[in-house]
Amino acid sequence: MLVKKGYFGGYGGRYVPETLIPALEELDDAFRALKTDSGFQAKLRQLNADYIGRPTPLYFAEKLTAQLSGARVYLKREDLAHTGAHKINNAVGQALMAKKMGKKRLIAETGAGQHGVATATAAALFGLECEIYMGCVDAKRQSLNVFRMKLLGAKVTEVNLGSQTLKDAINEALRDWTANVSTTHYVMGTVFGPHPYPTIVREFQSIIGKEAKRQILKAEGRLPDYLIACVGGGSNAMGLFHAFLTDKSSGNPAGNIKYIGVEAGGEGINTSRHAARFAGGSTGVLQGTKSYLLQDDDGNVLGTHSVSAGLDYASVGPEHAWLHDTNAVQYTYATDTEALNAFEILARTEGIIPALESSHAVAEAIKIVPGLPKSAIVIINLSGRGDKDVEQVARILSAVV
Ligand SMILES: *Cc1c(COP(=O)(O)O)cnc(C)c1O
């Protein structure tokens, strides 16, 4: 049965088996109740401050600004959050929700391992059991993250079905959730999946934009002209954009802000090796939600590629599909080469090594900032730090020289 609920325009919804509907309803009820529960909100505020290290700074990148010689460039420093990326904001929020709902166990799927590590971290913090599903191929590629999750007390279950990667891990995690829904919360890692997940994840990530708005008003006395974020599933981008998109303050209408989402252009969108869903995709249903999707003419999901694991996925959050179609956000892409170049430039100019995912947002800034007036203000969401990527980049660069 198909139950339609939680749409963004024509996107989103709940394309799931009937057996999962009660769990999604329970989650939706709990989420609505906790949004106005002062005890929950106070605890979340305290964990955001003392555990995650929020607010993360909004850093004026003076040297990058001088080098690009255009707009003033600010970095929202999610790379300084506990565990090194924005994913922890959502993992801690959902784990606290699970605890309040009386769940004993968290499960999640992970591709590169970043969401698995964030979920295992939050499970350790709340004393919840944790099981992470990961394709065998991914587990081998990301053995350090597998060890990290185990160190944090999680059970890592390697899935040796199908392509032994993310989509097979998702199927196994969903099977587990269906069987154990009374004790178990499924932690979705991005603004994706059936309603209410895209809304829940947006809510926990929207702290990024709330802080950035306050911080830029303090630093510059006005709202920015551009917001730039990379888009995998789309959670760091929604996290930065949401508070600005919904801003109604007079004098500086948020409608004047240009929002740019940067997808993975991989080896170029004329090859089959990319993950630019808006440039190369069409409408379809995957993992319980309707959105843009890289698929062939028969609706088979296509393989994707990106130098950054976190952007390497065939679909994108449904709210982004809607923001795309309504022209509220402009979507573009950066290739692997452009992202690697941005990775090196930010390291050298600012002494900040960005995640390869975030490097896609930096790459877009490098393209547009030189053409902007000096008075313009640009905020780049630096979604994560690049420590996890240094080995991979060393391999790529040494192969190039
Ligand atoms: C996972 C990840 C992303 C991509 O996920 P979104 O949901 O699109 O934010 C981006 N940056 C970093 C550092 C990540 O770990």
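Please read these numbers as outputs of a predicted model, since none were measured by experiment. All ligand and atom numbering here is 1-based and tracks the order in the structure.
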Hey, does [X] come in under 3.5 Å of ligand 1, counting only N/O atoms on both sides?
X: N236; value: yes
X: T190; value: yes
X: G233; value: yes

[X] neighbourhood, listing ligand 1 atoms whose heavy-atom distance to it stays under 4.0 Å:
X: C230; result: 10 (C)
X: K87; result: 1 (C), 2 (C), 3 (C), 14 (C), 15 (O)
X: G384; result: 13 (C)
X: G232; result: 8 (O)

In the protein, which heavy atom is nearest to [atom], and how far is it?
atom: atom 6 (P) of ligand 1; value: S235 N, 3.3 Å
atom: atom 4 (C) of ligand 1; value: G310 O, 3.4 Å
atom: atom 12 (C) of ligand 1; value: S383 OG, 3.5 Å

Salt-bridge test for [X] and [Y]: reply yes if a basic N is under 4.0 Å from a carboxylate O, no otherwise.
X: R222; Y: D225; result: yes
X: D37; Y: K43; result: no
X: K155; Y: E129; result: no

### Task
Test K87 against E78 for salt bridge (Lys or Arg N to Asp or Glu O under 4.0 Å), laying out the working first.
CA-CA 9 Å; K87 284 196 173 73; E78 292 303 292; over 6 Å; no

### Message
Using the ring centroid of each side chain, check whether Y331 and H320 are separated by less than 6.0 Å.
### Response
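Yes, the ring centres sit under 6.0 Å apart.
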
### Message
Suppose we call two aromatic rings close when their centres sit under 6.0 Å apart. Are Y226 and Y259 close by that rule?
### Response
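Aromatic pair excluded; centres sit 6.0 Å or further apart.
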
### Task
Examine ligand 1 and decide if any of its atoms is less than 4.0 Å from a heavy atom belonging to Q205.
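Q205 does not count as a contact of ligand 1 under the 4.0 Å cut-off.
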
### Message
Taking G266's backbone N and O only, do any of them form a donor-acceptor pair with S306's side chain (distance below 3.5 Å, no angle check)?
### Response
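Not confirmed, S306 side chain does not pair with G266 backbone.
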
#### Entry: Part of A355 with heavy atoms under 4.0 Å of ligand 1, whether side chain, backbone, both or neither
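It is the side chain that touches ligand 1; the backbone stays farther off.
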
### Query
Which part of H86 is near ligand 1, with near meaning a heavy atom under 4.0 Å away: side chain, backbone, both or neither?
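Only the side chain of H86 comes within reach of ligand 1.
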
### Task
Find the distance between OG (S291) and CZ (F278) and round it off to the nearest 0.5 Å.
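Taking OG in S291 and CZ in F278, the distance rounds to 5.5 Å.
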
### Task
Let me know which of R105, K103, K104 forms a side-chain contact (heavy atoms from CB on, under 4.5 Å) with T184.
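With T184 as partner, R105, K103, K104 yield a single side-chain contact (heavy atoms from CB on, under 4.5 Å), made by R105.
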
